[in-house]
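This report concerns only the one structure given below.
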Amino acid sequence: MFSNQMLQKILLMLLSFLVVTWIIIISQNSTKLWSTLNLSISLYHWNTSTKPSFLTTPVSPLKSPTETELRIKAIMEKLDQQIPPRPFAHVNTTTSAAHSTATILNPRHTYCRGDQLDVLLEARDHLGRRKQYGGDFLRARMSSPALKAGASGRVTDFNNGTYLVSFTLFWEGRVSLSVLLIHPSEGVSALWRARNQGYDKVIFKGKFVNVTSHVFTECGLTLNSSAELCKYLDDRDQEAFYCVKPQHLPCEALTHMTTRNREISYLTVQEKGLFHRSKVGVEMMKDQKHIDVSRCNKSENMTAKCQVGMKTPIPGGYTLQGRWITTFCNQIQLDTVKINDCLKGKLIYLLGDSTLRQWIYYLPKVVKTLKLFDLHETGIFKKHVLLDAERHTQIQWKKHSYPFVTVQLYSLIDDNYMPREIDRLPGDKNTAIVITFGQHFRPFPIDIFLRRALSVRRAIERLFLRSPATKVIIKTENIREMHLDTERFGDFHGYIQYLTMRDIFKDLNVGVIDAWDMTIAYDTNTIHPPDHVIGNQINMFLNYIC
């Protein structure tokens with residue numbers, strides 16, 4: 001028989017063992033629960049294998065913020081400071097183009113070519129009161145229609161309701177000045193909030209195919225669904241895309257995608273009134289007369305030949321007689337013979353959206369020996385290849401991956417994010433890559449765009465390590481229709497992307513085709529500029545690579 005004292009010791013040891021076991025079990029379950037919570041709030045940034053995979057369970061606990069996450073956060077904080085919330089009680093308190101005043105500083109009867117002309121703009125509301133803060137989205141342009149001449153102006157916001165608009169008088173003749181109020185600061189604030197409030201302004205529909213049958217399910221950059229999901233993940237660049245998994249079909253059966261706009265808005269009824277057609281793009285210099293610009297026998301500064309790595313100012317050029325003339329380098333106008341010589345032996349990869357696909361359609365009109373090669377694909381978003389076998393020239397266009405917004409069904413076969421496409425190219429002195437993206441990113445929170453831009457930058461850096469002689473050209477996005485679905489696709493979203501794009505790529509050894517600047521100068525106001533604009537973009541590109 002055990003003594004009472006011995007029995008108490010045994011019971012105490014047994015109780016201690018049970019308590020320790022219980023704590024371990026709770027701790028393990030708690031860790032799993034915390035990991036699940038962390039993963040659920042991380043939206044779509046998952047960590048997985050280097051190739052896209054098809055997973056239905058969390059792949060790992062949330063990791064500490066990466067360098068990319070920290071960079072995105074820093075850029076977002078900077079943008080939030082530049083676009084602060086603005087009070088909006090009534091339309092009368094918003095900026096009025098009719099009541100605002102524009103004054104030419106130090107006016108003269110005649111100006112000389114090359115001079116700078118400054119305009120002081122004072123923003124007033126609809127009651128005629130001076131605005132006390134800035135943030136209006138303005139577009140400045142000067143033009144001479146008879147000369148087919150145009151150039152953008154530079155706007156400086158003093159953040160107190162006054163703006164300095166500066167024009168460089170690039171040509172001689174009679175010049176008209178224009179400053180458009182695209183959106184008042186209250187509208188800008190509303191658009192910025194609405195953009196970053198949700199990922200669901202566009203519905204993606206994925207087509208899953210099984211022999212002769214197919215089924216469509218909802219897809220997206222994020223999905224709020226309790227259904228089983230196909231998760232298409234890229235660990236290295238932290239990209240992700242989701243589809244509701246169809247019954248009886250694997251995630252690998254996804255072959256095509258289409259999109260449509262969702263009937264949703266993050267703007268209030270009152271805010272929507274700021275984007276009525278009559279309130280967008282209103283002239284603020286309506287009372288200003290023409291100015292006359294003379295040659296004044298000023299000598300012209302010779303500039304070096306255009307080459308990659310040059311810094312591009314704003315504005316970086318102007319149009320005269322329909323031709324784009326750069327101001328920071330000596331651009332040669334190439335004829336058909338020179339274009340043929342330039343393209344000989346070249347491998348050219350065009351990566352981006354349909355504004356770059358326009359190059360593929362334009363080039364055969366100028367270079368008759370370039371022929372489209374049939375890859376047995378269908379639709380306008382298929383991979384396009386131009387070949388000139390005799391001159392050993394190949395030019396290829398390929399669309400960028402998600403998000404790609406169009407009602408037309410497009411194939412996902414051989415679909416890769418742009419950084420992966422760049423990684424596949426060995427590169428050499430006869431290889432050139434042109435990159436553009438932005439238009440399809442406008443309906444989504446800007447972190448999607450920032451993540452892609454930073455990933456593309458890193459891919460270019462990797463390319464230069466293995467092949468520093470490869471030419472890389474960044475084509476910025478262009479302006480588009482002024483009155484088309486402002487909340488999703490308005491130019492304010494594009495302008496923010498344009499500025500961040502220039503900043504992210506500014507210290508790389510790349511060439512820049514400033515399509516934003518060019519399309520303002522040409523006053524195109526369409527997502528797909530006409531041929532003469534495309535021809536001048538291509539001429540700029542050829543000056544960079546030849």
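Any value given below was found using the heavy atoms of this structure, including those in side chains, with hydrogens, waters and symmetry copies removed.
T312 places no side-chain N or O within 3.5 Å of a backbone atom of V512 that could act as its donor or acceptor partner. With R295 contributing its side chain and R113 its backbone, the two residues share no donor-acceptor pair below 3.5 Å. Remark: the backbone N or O of V407 is paired with a side-chain donor or acceptor of T258 at under 3.5 angstrom. Side chain of T259 to backbone of V202: no donor-acceptor contact under 3.5 angstrom is found. K346 contributes a side-chain N or O that, together with a main-chain N or O of C342, makes up a donor-acceptor pair within less than 3.5 Å. W397 places no side-chain N or O within donor-acceptor distance of the main-chain N or O of L386, the cut-off being under 3.5 Å. Between the Y318 side chain and the T168 main chain, no donor and acceptor come within less than 3.5 Å of each other. Although no hydrogens or angles enter the test, the distance criterion places a donor-acceptor pair under 3.5 Å between the side chain of R457 and the main chain of I504. Using modelled atom types, one side-chain atom of K305 and one backbone atom of N543 make a donor-acceptor pair closer than 3.5 Å. No donor-acceptor pair closer than 3.5 Å links the side chain of D517 to the backbone N or O of P315.
Checked for salt-bridge contact, R480 and D491 miss the test: no charged N lies under 4.0 Å from a carboxylate O. A salt bridge is defined here as a Lys NZ or Arg NE, NH1 or NH2 lying under 4.0 Å from an Asp or Glu carboxylate O, and K338 with D341 fails to meet this definition. Salt-bridge annotation for K201 and E263: absent, with no side-chain N of the basic residue lying under 4.0 Å from a carboxylate O of the acidic one. The residues E218 and R262 are annotated as salt-bridged, a charged nitrogen and a carboxylate oxygen being separated by less than 4.0 angstrom. Checked for salt-bridge contact, R458 and D237 meet the test: a charged N lies under 4.0 Å from a carboxylate O. Using a 4.0 Å cut-off between charged nitrogen and carboxylate oxygen, D292 and R108 do not count as a salt-bridge pair. A salt bridge is absent between E239 and R451: the closest approach of a Lys/Arg side-chain nitrogen to an acidic carboxylate oxygen does not fall below 4.0 angstrom.
Nearest heavy-atom pair, P313 versus K311, reported as atom, atom and distance to 0.1 Å: CD-O, 3.5 Å. Nearest heavy-atom pair across Q537 and W359 is OE1-NE1, 3.1 Å. Counting all heavy atoms, side chain and backbone alike, P419 lies closest to S455 at CG-CB, 3.6 Å. Between D423 and A459 the shortest heavy-atom distance is OD1-CB, 4.0 Å. Of all heavy-atom pairs spanning H183 and F492, the tightest one is CD2-CB, 4.2 Å. Nearest heavy atoms, M540 versus T326: SD-CG2, 3.3 Å.
Using a 4.5 Å heavy-atom threshold, the side chains of V293 and W171 count as separate. Side-chain contact check for Q321 versus L147: some heavy-atom pair is nearer than 4.5 Å. Side-chain atoms of M285 and S178, non-hydrogen and from C-beta on, never get closer than 4.5 Å to each other. The shortest distance between side-chain heavy atoms of E481 and I527 falls below 4.5 Å. When side chains are defined from C-beta on, T436 does not count as touching T476, because their heavy atoms never get closer than 4.5 Å. Contact annotation: the side chain of L121 approaches that of M284 to within less than 4.5 Å [non-hydrogen atoms, C-beta and beyond]. Contact of the K207 side chain with the L409 side chain is registered, since non-hydrogen atoms from C-beta on lie closer than 4.5 Å. You'll find the side chain of V308 stays beyond 4.5 Å of the side chain of V472, heavy atoms only.
With hydrogens and angles left out, the side-chain atoms of T336 and K368 include no donor and acceptor closer than 3.5 Å. No hydrogens or angles considered: a donor-acceptor pair under 3.5 Å links the side chains of S265 and E487. When only modelled atom types and interatomic distance are considered, Y361 and D531 share no side-chain donor-acceptor pair under 3.5 Å. A donor-acceptor contact closer than 3.5 angstrom links the side chains of D447 and Y199. Using a 3.5 Å distance cut-off with no hydrogens or angles, the side chains of R442 and Q497 do not pair a donor with an acceptor. Donor-acceptor pairing under 3.5 Å is lacking for the side chains of H528 and T355. D118 and S166 share a side-chain donor-acceptor pair at under 3.5 Å. Checked by atom type, the side-chain pair T95/D136 shows a donor-acceptor distance below 3.5 Å. Counting only N and O atoms by type, the side chains of D503 and T500 include no donor and acceptor under 3.5 Å apart. Residues Y522 and N536 have side chains that bring a donor and an acceptor to within less than 3.5 angstrom of each other.
A cation-pi contact, defined as under 6.0 Å to the ring centre and within 45° of the axis, links K399 to F404.
Heavy atoms of other residues, nucleotides or ligands lying less than 6.0 angstrom from CG of D507 number more than 12. Within 6.0 Å of CZ on R260 lie no more than 12 heavy atoms contributed by other residues, nucleotides or ligands. The number of heavy atoms from other shown groups lying within 6.0 Å of CD (E390) does not exceed 12. By the neighbour-count criterion of 12 heavy atoms within 6.0 Å, atom NZ of K429 is sparsely surrounded, having that number or fewer from other residues, nucleotides or ligands.
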Task: H400 and F441: CA distance, side-chain angles, deciding distance, ring-ring contact (aromatic ring centres under 6.0 Å, His included) verdict - done: CA-CA 11 Å; H400 65 68; F441 289 75; 5.4 Å; yes

Open item on the list: One pair to check against salt bridge (charged side-chain N to carboxylate O under 4.0 Å, His left out): E421 and R424. What are the steps and the verdict?
Closed with: CA-CA 5 Å; E421 291 290 339; R424 294 172 59 180; 3.7 Å; yes

Task: Verdict with reasoning, S467 to D428, per side-chain hydrogen bond (donor to acceptor under 3.5 Å, both in side chains) - done: CA-CA 6 Å; S467 178; D428 59 28; over 6 Å; no

TODO: Please test F449 against F444 for ring-ring contact (aromatic ring centres under 6.0 Å, His included), starting from the C-alpha separation and ending with a verdict.
DONE: CA-CA 8 Å; F449 175 83; F444 306 100; over 10 Å; no

- [ ] List the steps and the verdict of side-chain hydrogen bond (donor to acceptor under 3.5 Å, both in side chains) for D514 and Y498.
- [x] CA-CA 9 Å; D514 196 336; Y498 163 72; 2.7 Å; yes

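For the atom pair CZ (F464) and CZ (R466), the distance works out to 10.5 Å, reported to the nearest 0.5 Å. For the atom pair OH of Y232 and CG of L412, the computed distance is 8.5 Å after rounding to the nearest 0.5 Å.
Between Y402 and F241, the angle of the ring planes stays under 30°, which puts this pair in the parallel group of the 30/60° scheme.
Of the residues W192, Y163, F275, Y495, the one that meets the ring-ring contact (aromatic ring centres under 6.0 Å, His included) test with F137 is Y495.
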